[in-house]
Peer 1: 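Please see the structure below; I have some questions.
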Amino acid sequence: MVSLFGCFLSPPETYSMRLSRYFLPILRDNPKEAEIVSHRLMLRAGMVRQEAAGIYAWLPMGLRVLDKINRIIREEQNRSGAVELLMPTIQSADLWRESGRYEAYGKEMLRITDRHDREMLFGPTNEEMITEIFRASVKSYKDLPLNLYHIQWKFRDEVRPRFGVMRGREFLMKDAYSFDLDQAGAVHSYNRMFAAYLRTFARLGLTAIPMRADTGPIGGDLSHEFIILASTGESEVFADKAVLEQTTPPVDIDFDSAEALDKVFKAWTTPYAATSEMHDEKAFAAIPAERQVSARGIEVGHIFYFGTKYSEPMKATVTGPDGRETQVHMGSYGIGSSRLVAALIEASHDEAGIVWPDSVAPFNVSLLNLKIGDAATDETSATLYKALTARGLDVLYDDRDERPGTKFATADLIGSPWQVLVGPKSLAEGKVEVKRRKTGERTLCSVEDAVLMLTA
RNA sequence: CGGGGCUUAGCGCAGUCUGGUAGCGCAUCUGCUUUGGGAGCAGAGGGUCGCAAGUUCAAAUCUUGCAGCCCCGACCA
């Protein structure tokens with residue numbers, strides 16, 4: 001019975017590591033190709049390695065962050081009622097001919113031929129494929145609304161990839177697709193994602209501003225970009241400070257209540273907010289000067305309602321309550337999860353390195369044994385490593401035979417939210433030191449208090 | 001897609017103009033001394049100089065071609 005229970009109730013998952021056994025190729029100097037701070041820090045902290053222009057290998061430290069971001073995205077997508085699946089990266093050209101986008105998409109699409117000379121492509125997005133999956137199985141209005149999403153690698157053959165994973169050619173994206181019987185239903189679905197996105201970015205420790213956006217080549221009627229503020233951002237943004245003061249939808253918001261979601265949508269979209277393409281000088285000038293925010297931002301999410309743009313040419317219909325075939329109304333919703341890794345660093349770093357928010361830090365705690373081989377520091381470090389790990393924290397134990405200065409520099413660079421310093425000096429008084437990365441604040445305390453402090 | 005630049009050891013660079021046995025710092029390895037903010041000394045290993053062709057007794061260096069990468073501008077999760 002014990003082993004049977006073990007199958008269902010595994011202990012809290014933690015991924016603590018000893019640094020001496022980990023793969024963390026840190027660079028001391030800045031690689032010359034890296035211009036912006038997130039790119040520099042990602043390379044220096046051993047998170048990624050470039051393999052070709054705009055194409056990166058994710059090393060263990062980078063992958064951890066990517067996974068933690070995806071976990072939060074999943075939780076919020078699921079909470080809102082979306083259902084996860086996984087579509088392939090390679091698609092058939094025929095599918096794209098149905099929507100007319102095979103010719104329209106241009107050189108951004110990576111086109112491939114297989115051994116039988118069949119035309120294939122590496123998917124830059126999945127509207128066609130999800131529409132094909134939908135129409136094959138969903139026949140009745142009773143199965144609506146439906147929102148399907150996946151987190152999958154995309155490829156867009158950008159003319160000029162740059163800024164590391166911020167603007168890569170290969171990138172990881174969460175894309176969701178909603179299906180509704182009519183426009184009213186589709187707007188409800190749109191607002192579900194709108195609220196889910198606000199919650200997602202807030203949990204990532206980011207302030208994201210939804211901005212009315214141009215619907216662009218995807219086409220359609222209603223679209224918002226979610227932009228986080230960062231001085232290195234590619235987009236110029238103008239906003240009423242009021243939008244920064246809105247509250248995030250609570251965890252128990254009723255996603256089935258169109259009214260509740262509409263309230264959220266109105267609250268967040270009533271204050272002025274626009275990127276330069278949609279900017280209205282007059283409307284912005286009408287805002288009291290002290291409330292005008294003019295800044296730069298990074299686009300981390302984009303949502304669209306586009307009606308029957310794909311369901312019409314691709315014949316995605318359901319039988320409605322009146323017995324008639326009706327084209328479904330669709331929307332698509334993207335979050336660039338690999339871009340978010342860089343965006344988070346842009347939004348949170350200092351001279352010494354990255355400052356991760358608690359929710360996505362690759363490790364919660366960097367545990368520094370300042371004198372390897374010293375019986376007291378070795379034993380205390382081992383005790384802390386076990387105790388913190390047992391309480392569900394991801395601990396990176398720096399057990400390398402290095403000098404203290406090296407360990408401090410490493411810990412600051414990789415940006416764990418907490419550092420625990422175990423050295424002979426403080427240990428002589430029975431104390432260890434707990435340092436908060438973000439503030440630099442240090443507390444000298446007992447081992448027991450350190451554990452309490454970190455698990456509070 | 002226009003304009004500019006780069007390619008020499010894991011990272012950062014010198015050497016190229018004026019051809020003559022490939023060097024520096026950091027990193028790595030060994031030993032000793034060190035140990036609370038990227039240590040010191042001594043020693044060691046590591047490079048088909050982006051690729052190809054040419055000129056030459058001799059090419060990292062000169063010539064030609066190709067490739068990869070980066071930056072600045074117009075487009076995008």
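Labels below follow one simple rule: chain letters A, B, ... track the order of the sequence lines, proteins then strands, and each chain is numbered from 1. All of these numbers come straight from a predicted model, not from anything done at the bench. Side-chain atoms are counted along with the backbone in the values below, which use heavy atoms only and exclude waters and symmetry mates.
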Peer 1: Hey, does A:Glu433 reach any base, or is it just sugar-phosphate, or nothing, if we go heavy atoms under 4.0 Å?
Peer 2: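 Base, at least one base atom sits under 4.0 Å.
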Peer 1: Pick the nucleotide of RNA chain B nearest each of A:Val159 and A:Leu444; which residue has the one closer to the 5' end?
Peer 2: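 Comparing both residues, the 5'-ward one is A:Val159.
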Peer 1: May I ask you to verify if any side-chain N or O of A:Gln50 is less than 4.0 angstrom from the OP1 or OP2 atom of B:C70?
Peer 2: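 For B:C70, OP1 or OP2 has a side-chain N or O of A:Gln50 closer than 4.0 Å.
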Peer 1: Have a look at A:Lys107 and say if it touches a base, only the backbone sugar-phosphate, or nothing, with a 4.0 Å heavy-atom cut-off.
Peer 2: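 The answer is sugar-phosphate, as A:Lys107 gets under 4.0 Å only of primed atoms, P, OP1 or OP2.
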Peer 1: Do A:Phe363 and A:Tyr22 make the cut of ring centroids closer than 6.0 angstrom?
Peer 2: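 Between A:Phe363 and A:Tyr22, the centre distance is under 6.0 Å.
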Peer 1: Using both distances under 3.5 Å as the test, list the Watson-Crick or G-U wobble partner of B:C17, or none.
Peer 2: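 Partner of B:C17: none found under 3.5 Å.
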Peer 1: Identify the nucleotide, in any strand shown, that forms a Watson-Crick or G-U wobble pair with B:A59, with both distances under 3.5 Å; if there is none, say none.
Peer 2: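 The base-pairing partner of B:A59, which may sit in any strand shown, does not exist here.
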Peer 1: Does the side chain of A:Asp180 pick up a donor-acceptor pair with the side chain of A:His188 at under 3.5 Å?
Peer 2: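 Distance-only check fails for A:Asp180 and A:His188.
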Peer 1: I want to verify a distance call: between B:A39, B:C76, B:C11, whose nearest atom is closest to the A:Asp29 side chain?
Peer 2: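 The answer is B:C11, which lies nearest to the side chain.
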Peer 1: Is the ring centre of A:Phe171 less than 6.0 Å from the ring centre of A:Trp153?
Peer 2: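 No, the ring centres sit 6.0 Å or more apart.
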Peer 1: What's A:Gly373 touching, base or sugar-phosphate or nothing? Going by heavy atoms closer than 4.0 Å.
Peer 2: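 Touches nothing.
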Peer 1: B:G37, B:C6, B:C71: which one has an atom nearest the side-chain heavy atoms of A:Arg442?
Peer 2: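 My answer, after comparing the listed nucleotides, is B:G37.
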Peer 1: With both distances under 3.5 angstrom, what nucleotide forms a Watson-Crick or G-U wobble pair with B:C51?
Peer 2: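 Answer to the pairing question: B:G65, which forms a Watson-Crick or G-U pair with B:C51.
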Peer 1: Could A:Arg18 and A:Asp398 be called an ion pair, given the rule that one side-chain N must be under 4.0 Å from one carboxylate O?
Peer 2: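 The answer is no: the pair does not qualify as a salt bridge.
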Peer 1: In terms of relative ring orientation, are A:Phe122 and A:Phe155 parallel, tilted or perpendicular, with 30° and 60° separating the classes?
Peer 2: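 Because their plane-to-plane angle lies in the 30° to 60° range, the rings of A:Phe122 and A:Phe155 count as tilted.
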Peer 1: Have a look at A:Arg44 and say if it touches a base, only the backbone sugar-phosphate, or nothing, with a 4.0 Å heavy-atom cut-off.
Peer 2: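 Since a base atom lies under 4.0 Å of A:Arg44, the category is base.
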Peer 1: Among the nucleotides B:A77, B:U35, B:G38, which one has an atom lying closest to any side-chain atom of A:Arg403?
Peer 2: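 So the nucleotide nearest the side chain must be B:U35.
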Peer 1: Among residues 334-369 of chain A, which contact RNA chain B at a heavy-atom distance under 4.0 Å?
Peer 2: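 Here the set is A:Ile335, A:Gly336, A:Arg339.
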Peer 1: Let's see if you can work this out: which of B:C69, B:G36, B:A74 has an atom nearest to the side-chain heavy atoms of A:Ala52?
Peer 2: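 In terms of side-chain proximity for A:Ala52, the closest of B:C69, B:G36, B:A74 is B:C69.
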Peer 1: Is any side-chain N of the basic residue among A:Glu35 and A:Arg162 closer than 4.0 Å to the acidic one's carboxylate O?
Peer 2: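 Looking at A:Arg162 together with A:Glu35, the answer is no, because their closest N to O distance does not fall below 4.0 Å.
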Peer 1: With a non-hydrogen cut-off below 4.0 angstrom, is A:Asp412 in contact with a base, only sugar-phosphate, or nothing?
Peer 2: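 Base: the residue A:Asp412, judged by heavy atoms under 4.0 Å, touches a nucleobase.
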Peer 1: Quick check for you: among B:G36, B:C11, B:A77, whose closest atom lies nearest to any side-chain atom of A:Lys425?
Peer 2: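 Selected nucleotide (nearest to the side chain): B:G36.
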Peer 1: What's A:Lys174 touching, base or sugar-phosphate or nothing? Going by heavy atoms closer than 4.0 Å.
Peer 2: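 The answer is nothing, as A:Lys174 stays clear of every strand by at least 4.0 Å.
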Peer 1: What is the distance, to the nearest angstrom, from the CG atom on A:Leu427 to the C1' atom on B:U35?
Peer 2: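 One finds 15 Å between C1' of B:U35 and CG of A:Leu427, rounded.
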Peer 1: Specify the residue among A:Glu33 and A:Gln419 whose closest nucleotide of RNA chain B lies further upstream toward the 5′ end.
Peer 2: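 Its nucleotide being nearer the 5' end, the pick is A:Gln419.
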Peer 1: Under 4.0 angstrom, heavy atoms only, what part of the nucleic acid is A:Glu225 near: base, sugar-phosphate, or nothing?
Peer 2: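 No contact.
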Peer 1: Is any side-chain N of the basic residue among A:Lys309 and A:Glu127 closer than 4.0 Å to the acidic one's carboxylate O?
Peer 2: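 The answer is no: the pair does not qualify as a salt bridge.
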